[in-house]
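All values reported here derive from a predicted model rather than from experimental measurement.
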Amino acid sequence: HQQRAIRSPREKGIDGVGGRPHEVARRRPSRRTSVGQLLDRGGLGSAVSRILAGAGASLVAVDQNEELVAATKSEAEGLGVTCETIAANLMDADVAAALVGQALALAGRVDIVVNVAGGTRFSQWSPIEETSDEVLRDVMALNLNYVFRVCADAARHMIAAGHGGSMVNFASIAAMHSAPFHGPYG
């Protein structure tokens with residue numbers, strides 16, 4: 001019985017913190033890959049969507065409303081790939097728990113999950129000693145809870161399907177350098 005070595009992201013061709021999603025997409029150039037894509041429209045999420053679509057990946061775009069996912073769908077289809085959409089409030093635990101199943105129903109498989117959405121609202125900024133439990137729960141729901149739920153559900157699917165996959169989770173620079181009044185966030 002041989003033990004299989006686990007390779008680091010760098011050994012797999014994914015460069016450092018945040019990774020390079022175009023490398024992840026290119027690892028399967030011979031087939032179209034369905035992607036669970038969680039977006040922050042107009043910023044990093046849009047850039048990741050373009051990179052993956054440019055590499056030929058089919059997308060399942062997820063964002064908080066129809067307008068945002070429609071823009072991603074239009075852009076991806078303009079690049080010649082299929083893009084299904086799901087409008088969802090991922091801060092709702094039940095909605096997040098249903099997401100991978102919805103993506104599978106639309107696309108048939110999920111090979112790559114990219115979690116980009118996150119942040120904190122200006123109204124949530126305060127000294128940590130003044131931060132309420134409600135604000136803490138909201139910040140964790142937006143930045144951690146849905147990410148964990150979606151990754152765990154996607155991993156369960158990938159393992160059961162026997163095809164493996166990739167997960168790329170983006171984080172804020174606040175992980176390295178804290179910002180004033182962002183206690184629960186970083």
Side-chain angles (χ1 to χ4, degrees), residues 6-12 14-24 35-52 59-72 85-103 110 112-159 165-186:
I6 298 174
R7 297 185 310 153
S8 72
R10 184 157 302 203
E11 292 170 315
K12 293 179 181 178
I14 304 170
D15 187 27
V17 176
R20 290 193 326 224
H22 58 282
E23 293 295 336
V24 175
V35 178
Q37 171 72 49
L38 308 179
L39 303 173
D40 66 343
R41 189 69 218 146
L44 191 54
S46 296
V48 170
S49 294
R50 282 191 299 277
I51 290 167
L52 292 168
L59 304 177
V60 177
V62 181
D63 211 321
Q64 59 189 336
N65 64 51
E66 291 292 338
E67 181 183 338
L68 296 173
V69 291
T72 300
T85 64
I86 300 171
N89 174 6
L90 296 177
M91 289 179 64
D92 180 321
D94 293 333
V95 172
L99 184 65
V100 172
Q102 287 179 284
V110 174
I112 303 171
V113 173
V114 181
N115 291 299
V116 179
T120 186
R121 295 180 190 95
F122 182 73
S123 64
Q124 296 172 325
W125 294 13
S126 66
I128 195 162
E129 69 275 12
E130 296 174 17
T131 302
S132 70
D133 288 347
E134 180 182 0
V135 167
L136 176 63
R137 279 190 299 274
D138 283 352
V139 172
M140 292 298 112
L142 179 59
N143 293 282
L144 179 64
N145 298 357
Y146 91 85
V147 174
F148 177 82
R149 177 78 281 124
V150 170
C151 286
D153 293 347
R156 193 175 301 108
H157 157 72
M158 291 172 185
I159 292 165
S166 298
M167 294 183 199
V168 180
N169 297 304
F170 286 80
S172 169
I173 190 66
M176 304 297 290
H177 303 283
S178 184
F181 305 114
H182 284 70
Y185 181 65

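A search for side-chain contact (heavy atoms from CB on, under 4.5 Å) contacts involving Leu136 returns Met140, Pro184, not counting sequence neighbours.
For the pair Glu130 (side chain) and Pro127 (backbone), a donor-acceptor distance under 3.5 Å is absent. Between the His157 side chain and the Ala155 main chain, no donor and acceptor come within less than 3.5 Å of each other.
Between Tyr146 and Val116 the shortest heavy-atom distance is OH-N, 4.2 Å. The heavy-atom pair separating Ala88 from Val95 by the smallest distance is CB-CG1, 3.6 Å. Minimum interatomic distance between Ala103 and Val60 (heavy atoms only, all atoms of both residues): CB-CG1, 4.0 Å. In terms of heavy atoms, Met158 sits closest to Ile112 at CE-N, 4.1 Å.
The side-chain heavy atoms of Asn115 and Cys151, taken from C-beta on, include a pair separated by under 4.5 Å. Here the side chains of Leu59 and Leu52 are in contact, with some heavy-atom distance below 4.5 Å.
Identified under the salt bridge (Lys or Arg N to Asp or Glu O under 4.0 Å) test for residues 141-156, with sequence neighbours left out: Arg149-Asp153, Asp153-Arg156.
Atom CG in Asn143 sits 10.5 Å away from atom CG in Asp138 (nearest 0.5 Å). Atom OH of residue Tyr185 and atom CG of residue Leu142 lie 8.0 Å apart, to the nearest 0.5 angstrom. To the nearest 0.5 Å, the span separating CD on Gln64 from CD1 on Ile86 amounts to 15.0 Å. Rounding to the nearest 0.5 angstrom, the gap separating the CG atom in Leu44 from the CD1 atom in Ile51 is 8.5 Å.
Residue Asp63 is tested with Val69, Thr85, Thr72, Asn89 for a side chain to side chain contact (heavy atoms under 4.5 Å, CB included); the sole match is Val69.
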